[in-house]
Amino acid sequence: MTPPTLTNSDIRSRLGLRKVVNVSGTMTFLGASIIGPEAIAAMAEIAPEWIEMDDLQRRASATISRLTGGEAGFVTACCAAGISMAVAGTITGDDLLAVERLPDDTGGRPNEVILQLGHSVNYGAPIDQSVRLAGGKVVLAGTVSSTMPFNIANAITDRTAAVLHVVTHHSAQYGMLSLPEVVAICKPRGIPVIVDAASEYDLRVFLAQGADLVVYSGHKFLSGPTSGLVAGRKDLVRAAYIQNHGIGRGMKVGKESIAGVMAALDAWERRDHTGIRAREQSALDLWMSTLAGMPGLQARIVPDPTANPLDRVEVRVLPESGFTATGFARALAAAEPPVIVRNHEAELGHFFLDPCNLHPGEAEVVAEALISLMAAPRPDYAMDTPRRSAAGWLAWPD
Ligand SMILES: *Cc1c(COP(=O)(O)O)cnc(C)c1O
């Protein structure tokens, strides 16, 4: 087996951090992304320099426009920040006094933001809070299993500022209105549609489908530093950008993140997407052959639920394995090195192995961890079922 090349292992040791192997996806709680070399170089280069921030953001706007097809764009702290700033912009327009008075005083301006109930997700924080931080008032449309066109059309009043449309595996995956259906309702009524596309690979499709603003994370597929991108209609992008003089201040992005994500966007255009897919496929093949015949484990390859060009291995954990999916994930996380799997569906009896954030050699480390775990005595928590508890959050910093 080739020895793994684990980058950044030194700083992790120095800080007393575990050298985790991430097969869960681009997760904030694991550090958001492997920042690509182009972005790291740009961040290091700009870090000691004075620059004029509005000019840097003008350059970023041009780069974001080139990649998204939007008329303009800017960089903010993260996608959640971008949602707040986009919503705030639809409330204030270009009125700078209104910008300063948010979020509790909207001066009687329309501030209702319509959200399909099945889109009311938590991505580490509840999405409605990103709306409320901006002075918006969420109006839920439909139910968890169904939204009909009238649920949105009849919810639109002279109080409506925007419709927020969320594209994610977190949301209800059926019965919801698609973006083109939402646009067909909103366009004739002049209501802006904001798309949360934090974790989507296609940088153009949502604006092409008629969204007015789209918000991405810079640290998910793009492999940039922690950051968010807002793109779309120029007047709305400007209205969102001027929130830097208001609620956006607490969401400030540094010059290093702007330069870093611009470099990541340049790199995205040149990236060998096919080669990356092939490397991911070889990790999937290795894991499938490793899991084949392991008692009580059933593996299959499943496509990404929102049609990103990414497959994962779904591992169904049956009692014959001596584990539950929860116990298995916990045991892998306790291994050396710790392997963190995608376990948000553990109560359904399965977890996923995500191949998109691996350093060279780590696919083999994961395969070895699977073999070792199945050969070892079962830990006392092996048959645990998921317990939803926030005790860990409340124990920090101990
Ligand atoms: C990750 C995610 C977010 C939050 O993105 P950040 O850039 O981490 O703030 C918002 N919406 C969806 C759908 C996400 O997947």
Side-chain angles (χ1 to χ4, degrees), residues 24-30 32-33 76-88 90 112-134 136-148 151-152 155 161-179 181-183 186 192-202 205-206 209 211 213-221 226-230 251 302-308 310 312 342-348 350-352 354 386 388-390 393:
S24 67
T26 41
M27 296 292 167
T28 291
F29 76 95
L30 293 177
S33 70
T76 182
C78 62
C79 180
I83 293 168
S84 293
M85 293 174 79
V87 166
T90 63
E112 291 184 358
V113 176
I114 297 172
L115 178 69
Q116 299 187 57
L117 180 50
H119 286 191
S120 187
V121 297
N122 184 311
Y123 38 67
I127 193 167
D128 71 286
Q129 188 174 42
S130 289
V131 175
R132 288 183 287 116
L133 275 170
K137 179 170 174 256
V138 171
V139 172
L140 293 170
T143 63
V144 288
S145 53
S146 168
T147 317
M148 299 292 278
N151 289 122
I152 289 187
V163 171
L164 177 58
H165 186 90
V166 186
V167 183
T168 175
H169 70 274
H170 292 300
S171 67
Q173 294 299 304
Y174 62 90
M176 299 295 113
L177 293 177
S178 68
L179 179 60
E181 288 172 309
V182 170
V183 166
C186 295
V193 177
I194 302 167
V195 175
D196 171 1
S199 194
E200 297 309 296
Y201 180 99
D202 191 325
V205 65
F206 307 110
Q209 288 176 346
L213 287 175
V214 63
V215 190
Y216 290 93
S217 290
H219 47 267
K220 290 184 177 172
F221 279 108
T226 297
S227 56
L229 306 175
V230 178
M251 308 166 186
V302 294
D304 179 77
T306 61
N308 289 310
L310 171 66
R312 301 184 178 91
R342 192 174 179 89
N343 70 343
H344 63 288
E345 292 181 10
E347 61 208 280
L348 301 178
H350 60 244
F351 63 84
F352 300 92
D354 183 319
R388 304 187 68 79
S389 161
W393 303 350

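What's counted below: heavy atoms across the whole structure, side chains too, no hydrogens, waters or symmetry copies. In what follows, residues are counted from 1 in the order of the sequence shown.
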Asker: Which residue in the set L179, V121, I83, I194 passes side-chain contact (heavy atoms from CB on, under 4.5 Å) when paired with V166?
Answerer: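 With V166 as partner, side-chain contact (heavy atoms from CB on, under 4.5 Å) holds for just one option, V121.
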Asker: On a heavy-atom basis, which atom in A134 and which in A88 lie closest, and how many Å separate them?
Answerer: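 Heavy atoms only, the tightest pair is CB-N, 3.7 Å.
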Asker: So if I apply the side-chain contact (heavy atoms from CB on, under 4.5 Å) rule between E112 and each of V139, V131, V138, which one comes out positive?
Answerer: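 Only match with E112 under side-chain contact (heavy atoms from CB on, under 4.5 Å): V139.
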Asker: Side chains of Q116 and V182: does their closest heavy-atom pair fall under 4.5 Å?
Answerer: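 With C-beta onward as the side chain, the pair touches.
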Asker: What do the steps show when you test S84 against M251 for side-chain contact (heavy atoms from CB on, under 4.5 Å), and what is the final call?
Answerer: CA-CA 9 Å; S84 293; M251 308 166 186; 3.7 Å; yes
Asker: How far apart are the closest heavy atoms of T226 and A32, and which atoms are they?
Answerer: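 Shortest heavy-atom separation between T226 and A32 comes out as OG1-CB, 3.8 Å.
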Asker: Has N308 got a side-chain atom pairing as donor or acceptor with Y201's backbone, closer than 3.5 angstrom?
Answerer: yes
Asker: Please report the interatomic distance CD(Q173) to OG1(T168), rounded to the nearest 0.5 Å.
Answerer: 7.0 Å
Asker: Would you name the heavy atoms of N151 and A141 that are closest together and state the gap between them?
Answerer: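 So the two residues come closest at O-CB, 3.7 Å.
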Asker: Is it true that a side-chain atom of Q129 and a backbone atom of P126 form a donor plus acceptor pair closer than 3.5 Å?
Answerer: no
Asker: T143 side chain to S146 main-chain N or O, any donor-acceptor pair under 3.5 Å?
Answerer: yes
Asker: Measuring from atom CG of L30 to atom OG of S24, what distance do you get when rounded to the nearest 0.5 angstrom?
Answerer: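 So the gap between those two atoms works out to 4.5 Å.
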Asker: Please step through side-chain contact (heavy atoms from CB on, under 4.5 Å) for the pair H219 and C79, ending with a clear verdict.
Answerer: CA-CA 9 Å; H219 47 267; C79 180; 5.9 Å; no
Asker: With rounding to the nearest 0.5 Å, note down the distance linking CG in D128 to CG in L115.
Answerer: 8.0 Å
Asker: Could you pull out the closest heavy-atom pair between G82 and V230, with the gap in Å?
Answerer: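 That would be CA-CG2, 3.7 Å.
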Asker: Checking H165 side chain against V195 main chain: does a donor-acceptor pair fall under 3.5 Å?
Answerer: no
Asker: Got a second to check how far D304's CG is from S199's OG, nearest 0.5 Å?
Answerer: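 One finds 7.5 Å between CG of D304 and OG of S199.
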Asker: Are any side-chain N or O atoms of E345 and backbone N or O atoms of N343, one a donor and one an acceptor, separated by less than 3.5 Å?
Answerer: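 A pair under 3.5 Å: no.
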Asker: Can you give me the closest heavy-atom contact between A86 and L213, atom names plus distance?
Answerer: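 Result for this residue pair: CB-CD1, 3.7 Å.
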Asker: Taking the side chain as every heavy atom from C-beta outward, state whether T306 and E200 have any atom pair closer than 4.5 Å.
Answerer: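 The answer is yes; the side chains approach within 4.5 Å.
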Asker: Between the main-chain N or O of V87 and the side-chain N or O of T90, is there a donor-acceptor pair closer than 3.5 Å?
Answerer: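 Side chain of T90 to backbone of V87, a donor-acceptor pair under 3.5 Å: yes, one is there.
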Asker: Is H170 close to H344 at the side-chain level, that is, under 4.5 Å between some pair of heavy atoms?
Answerer: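 Contact flag for H344/H170 side chains = no.
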Asker: Please list, chain by chain and in numerical order, all residues satisfying ring-ring contact (aromatic ring centres under 6.0 Å, His included) with H350, sequence neighbours excluded.
Answerer: F352
Asker: Nearest 0.5 Å please: distance from the NE2 atom of H119 over to the OG1 atom of T147.
Answerer: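 Answer for the NE2-OG1 pair, H119 versus T147, is 6.5 Å.
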Asker: Grab the two heavy atoms, one from D202 and one from V205, that are nearest each other, plus how far apart they are.
Answerer: OD1-N, 3.0 Å
Asker: So, does H169 use its side chain to make a donor-acceptor pair with the main chain of P305 at under 3.5 Å?
Answerer: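 Pair absent, no side-chain N/O of H169 close to backbone of P305.
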Asker: Answer yes or no: does atom OH of Y174 have more than 12 heavy-atom neighbours from other residues, nucleotides or ligands under 6.0 Å?
Answerer: no
Asker: For S130 and Y123, test the side chains for any donor-to-acceptor distance below 3.5 angstrom and give the result as yes or no.
Answerer: yes
